[in-house]
Each structure stands twice: as C-alpha cells, then as structure tokens.
Enquirer: 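Have a look at the structure that comes next, please.
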Amino acid sequence: MYRVLLVDDEAIARTGLRSTFDWEKYGYRLVGEASNGQRAMKWIVNGDLDILITDIAMPVMDGLELTRRTRELCPWVKVLLLSCHSDFEYVREGIRLGASDYILKPTLDADSLGAVLDHMRLKLEEEKQMQRILTEHEQQQRLNKKKAAEKMLFQALSGEPGAIASLEARNLNGAYMLAVLQLDSDPGAGTAGVQHKDWHDEIERLMEQLYDQVPEALAVRLETDRIAVCLPLGDEANRQVLEHEAAIHLPIRCTMGLSRRYNGMDKLQEAFREASESLEGLFFHRDQQILRAEELPLTDADLAQKTSASEMHALRAALAVGNMVKTEERLQSVMQRWQPGRMKKQEVLREAEELLSLLAMFHLPGGPPLPQIGEVGKLRSVEEVKELVLQGFHTLREEAMRHPLPESTLHERIVLQAVQYIKAHFAEPISLQEVADEVAVSRNYFSEMFKRVTGHNFIDYVIDLRLKRAKELLSTTSLRVYEVADRSGFNDVKYFSKLFKKMVGMTPAEYQGQHRK
C-alpha cells in the first residue's frame, strides 16, 4: 500500500479528508496527520510516506515550505496541494517547487481525490520501475567490470603473459596481500557410501560475502574447494578482514594462507606462492585457521631425505623378520619427522603412502583390510595422516598376533621382494650385497634364503635372466652382438659370447642368423 500523510491546520478539514475517501479499499494507508508543516517534518525526515496532501496556507510552516523540504529530503514523494480560489499564485509556486497536482477545496470530493491519487500512484510505479531498471543496469555494469578483473587475476595467477599489465592498467598496482582459502571437506568424505560435497553454492556465497565486506577485493576460484583473493590494502581495515578470522563472517568454515604485504602486480606470482605455501602449512596445525607467510619455517630438504632413507630401511628390516615392537618404534621415528621446517605437506603424504604400501606388502591375504593408499591425499592435517598410518599398523599387528607367520612364509615374502628388484635391475651392474640391502637382511642370510626358496643361487638366477633377454634381442632385433651383450647386462662381449655358446650350444651370431631365416 502507498503511504499518505495529511497536513492541514483545520481539524475539520483533516476529518473531512479522512472520511471523504475509502483509503484502504483503493490501496492507500494513512500514516498520520499534522496541523502544520513543522509537525509534519518527523514523517518527512524518516521518509515514512509516498504521498503528501497538504494545505497551502498554514501557520508556523506553510504548504510551500513543506513542499520544498519534502522534495529535498524525499524526492520520490508526490505532493498534492489543497487551495482556495484566492491561492492560485501560491499553487503556481507550489508546482514550481515540485508539487505534482492541486485540488481546489470547494470542489474536493471522493471522485476528484481518487482520480488525482491514481495518477500519482501511476507515476510512483513508473518511477520505481525506472529506478529498478537503472539499478539493475548499474549492478550489471559493476558485475561485468568485476568479472573482467577476476578473469585477468586468474590469468595472471596462471602465468599468462600480459595479464599483469592488464591488472596494472586497471589501477590495481598498490599495496595488497594475497590469500588462498580452502573450504573444509565434509566430515566422513571419502568413506563408503558418503558423497563428496558440491562446493559450488558455498564458493559463490563465500565470494559474495567477501565482496560485501571488502568491495574492492578480487576473488577467483582455483579448484573445487579453493579460491584466491587479492586484497588491496589502501584501507587498513581491509587488512584486518583477512588477518583476523573473527573479522569476516564466513558461511562455512575454511582455512586460509596469507602472503606478505606487496606493492605492485609484478610480485603477484610470488605472493600467490607464499599464500599457497601458507595454506599448505596449516596441514601441521589442525586447530588453526589462518597462517601467514611470516610464520612459515624454513625446510631442510636434504636432511629430511637422508633421514627418511635410513629410517625406512630399518622399518623394512623390522617388518621382514616380523618384529612388531621394533616396527612400531621405527614407525614412530619416521612420523616424528613430520614437522614444519623438516618436511612439507606433499613429502609427508608421499611418505605416508610409502608406509601403507610397505605394510600392505606384509599383509596376509584374507585378513582385515588395511587403509587404502588413496585415502591419504584426502586428509587435511598431519595428525589425521598419522592416525591413518597407525590404524594400518595396528591392523597388521593384531593380524600377526592371531596368525603368526611361519618362518618359511617370511622367507618367501623377502625373496619375492628381492626377485621383483632383480627383475627390474638385472640389466644393470647388480650384486648380492645390493639386493640384500634392498630387502634389509644380511648378505649371507639372504644368499642362503634365496637358494632355499628359488632353488638357484643368486648369480645363476641373474645370468639366466640376462641370457633370456639376450635371446629375445637376438631373435627380434638387428642389434649387433656387442649391443645385445650391453643391453642384457654383460659388460664384456667376449665373456658373453663364450657363456652363450656354452649354455645355448651356439654362438650369439649363429643364434641370430638361425632366427633370421
């Protein structure tokens, strides 16, 4: 309903106006009445009206001054002037001040009042429609401009040439910080029967709220559940929005990595790298939501790699002989290195997958299932990864306690692992000691165990693999004999030819010629 205010210094006139017309029936609501312009100002100041019906001649503040102030404060309001015949010059002045129409009091009745009000209502509706169109157009223009800038930011983060210059051309070249936000995954996502969350709506809501609070920010979607935000720092309040988790009200929980403060878009890639690394650093802080680049420790990659190799070797040795107490000690020792400054997130995930693979190698078929290696990459914190690896170990330990492996079975597993390694490397210089080290047992113990399981000693087994490869190359390629020897693992062609004739009954050249016929 349209809101109407009545202003007249004569109470009987106001009563007549109220009773002359059925306001509610025709879509109008009387919001109040006043005896002069001064008393009417409280409705004007609050903007609580759409149509003002006022007498011209009133004490304190007349209708003309009320019209002028109304048009200044509430330009949408339609003003209907009430006058006597002698007020015509005042009427003309009222029209000049912005009044929409007038009615002579002697001729005022329900029909004439209804006709004027309907005309005013039509004008109000037309103006509102026009205002909606203009507002939508302006919003669309701003949206188009924002989308174009977002596209440039995405291209710049992707390293496309020219994108940085395009951002600079839009005056996006002052101080800024870059943030990378990751939305939390569903509890239980990835488990059987649980569907992964569709983040589209949440991402859209998050970006809308960011723009509501920091209109000059630029946000782009990077992955399914991750966005990057470029936050200009012209206003110190903007910096606080992303620096303090309580300063921004997110529709859903997320984690965020922040870059240092930068000046100029030419540093955007560096800022993006820092923000991404900060986000990854939260992997080591399960209960923290925000990490800044200044808080990232330096990582000694060489130390981590050297330590990893020796500890993994010791862990494999403990598993090979079924020593679960020593296995757990070694496992805890490996995971103790999973700390910020010693390892990065991807290195931890890769090592965790290696640990689960190692546990699976010693897992009995038909036993309780171990955690799937693919689950590692879905975890968001180092604590969750440790829990998954320990879950696998505990399953293996309980299985070993219920069904201890006989020594022969352990030997078979170790030899099977050795055979896999030998088949992958027999064409290279390979020694008994090298393979024994690979399966984490002593040289003499391995030699005896290999002979017992395979029925061949180590060197005979390797020579047999090399001769089979040589036969294959001689019969299927046109390689020269010395090339075949080299590719089969024999570094001495004379020794190769002599051994081949002894084992096959003909020289390599004769064997090759026979298969070319």
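None of these values were measured; they are calculated from a predicted model.
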Enquirer: Check whether any side-chain heavy atom of Gln289 lies under 4.5 Å from a side-chain heavy atom of Met256, and answer yes or no.
Expert: no
Enquirer: Tell me whether Asp225 is salt-bridged to Lys378, with the criterion being a basic N under 4.0 Å from an acidic carboxylate O.
Expert: no
Enquirer: Quick one: ring-ring contact (aromatic ring centres under 6.0 Å, His included) partners of Phe490, sequence neighbours excluded?
Expert: Phe496
Enquirer: Looking at Glu125 and Lys128, is any side-chain nitrogen of the basic one under 4.0 Å from a carboxylate oxygen of the acidic one?
Expert: no
Enquirer: According to salt bridge (charged side-chain N to carboxylate O under 4.0 Å, His left out), does anything in residues 147-162 pair up with another residue at least two apart or in another chain? List the pairs.
Expert: Lys147-Glu150
Enquirer: Which residues satisfy the ring-ring contact (aromatic ring centres under 6.0 Å, His included) test with His285, sequence neighbours excluded?
Expert: none
Enquirer: Should we say atom CD of Gln336 is surrounded by more than 12 heavy atoms from elsewhere, each under 6.0 Å from it?
Expert: no
Enquirer: I'd like to know if the side chain of Gln512 reaches the main chain of Leu479, judged simply by a donor and an acceptor atom lying under 3.5 Å from each other, with no hydrogens or angles considered.
Expert: yes
Enquirer: Taking only residues two or more places apart in sequence, or in another chain, which ones meet Glu136 in a side chain to side chain contact (heavy atoms under 4.5 Å, CB included)?
Expert: none
Enquirer: List for me each residue that meets side chain to side chain contact (heavy atoms under 4.5 Å, CB included) alongside Gln372, sequence neighbours excluded, and say none if there are none.
Expert: Glu375
Enquirer: Is Glu280 paired with Lys344 through a side-chain N to carboxylate O contact shorter than 4.0 Å?
Expert: no
Enquirer: Is it possible for you to check whether Lys345 lies under 6.0 Å from the centre of the six-membered ring of Phe284, through NZ or CZ, and within 45° of that ring's axis?
Expert: no
Enquirer: Can you check whether Leu349 reaches Leu379 side chain to side chain, under 4.5 Å on heavy atoms?
Expert: no
Enquirer: Tell me which donor-acceptor pairs under 3.5 Å the side chains of residues 462-472 have, and how far apart each pair is, sequence neighbours excluded?
Expert:
residue : atom : partner : partner atom : Å
Asp464  : OD2  : Lys468  : NZ           : 3.3
Arg466  : NE   : Phe426  : O            : 2.8
Arg466  : NH2  : Phe426  : O            : 3.1
Arg466  : NH2  : Glu428  : O            : 3.1

Enquirer: Might you work through the side chain to side chain contact (heavy atoms under 4.5 Å, CB included) test for Arg330 and Glu311, ending with a clear yes or no?
Expert: CA-CA 7 Å; Arg330 296 302 184 184; Glu311 289 177 342; 5.9 Å; no
Enquirer: Please enumerate all residues that pass ring-ring contact (aromatic ring centres under 6.0 Å, His included) together with Tyr482, with sequence neighbours excluded.
Expert: none
Enquirer: side-chain hydrogen bond (donor to acceptor under 3.5 Å, both in side chains) with Asp437: which residues, sequence neighbours excluded?
Expert: Gln433
Enquirer: How would you list, by chain and number, every residue that makes a side chain to side chain contact (heavy atoms under 4.5 Å, CB included) with Ala418, sequence neighbours excluded?
Expert: Val435, Val439, Phe446
Enquirer: Indicate yes or no: at least one non-hydrogen side-chain atom of Val334 is less than 4.5 angstrom from one of Val389.
Expert: no
Enquirer: Is any side-chain heavy atom of Tyr262 closer than 4.5 Å to one of Glu270?
Expert: yes
Enquirer: So, using side-chain hydrogen bond (donor to acceptor under 3.5 Å, both in side chains) as the criterion, who are the partners of Trp43 when residues are at least two apart?
Expert: none
Enquirer: Just by distance, do the side chain of Tyr445 and the backbone of Ala436 share a donor-acceptor pair under 3.5 Å?
Expert: no
Enquirer: With sequence neighbours excluded, give me every ring pair (Phe, Tyr, Trp, His ring centres under 6.0 Å) pair touching residues 451-474.
Expert: Phe450-Tyr461
Enquirer: Restricting to side chain to side chain contact (heavy atoms under 4.5 Å, CB included), what partner residues turn up for Glu277, sequence neighbours left out?
Expert: Arg273, Leu296
Enquirer: Tell me which one of His137, Gln131, Glu138 satisfies side-chain hydrogen bond (donor to acceptor under 3.5 Å, both in side chains) with Thr135.
Expert: Gln131
Enquirer: Taking Asp50 for the side chain and Arg3 for the main chain, is one N or O donor matched with an acceptor at less than 3.5 Å?
Expert: yes
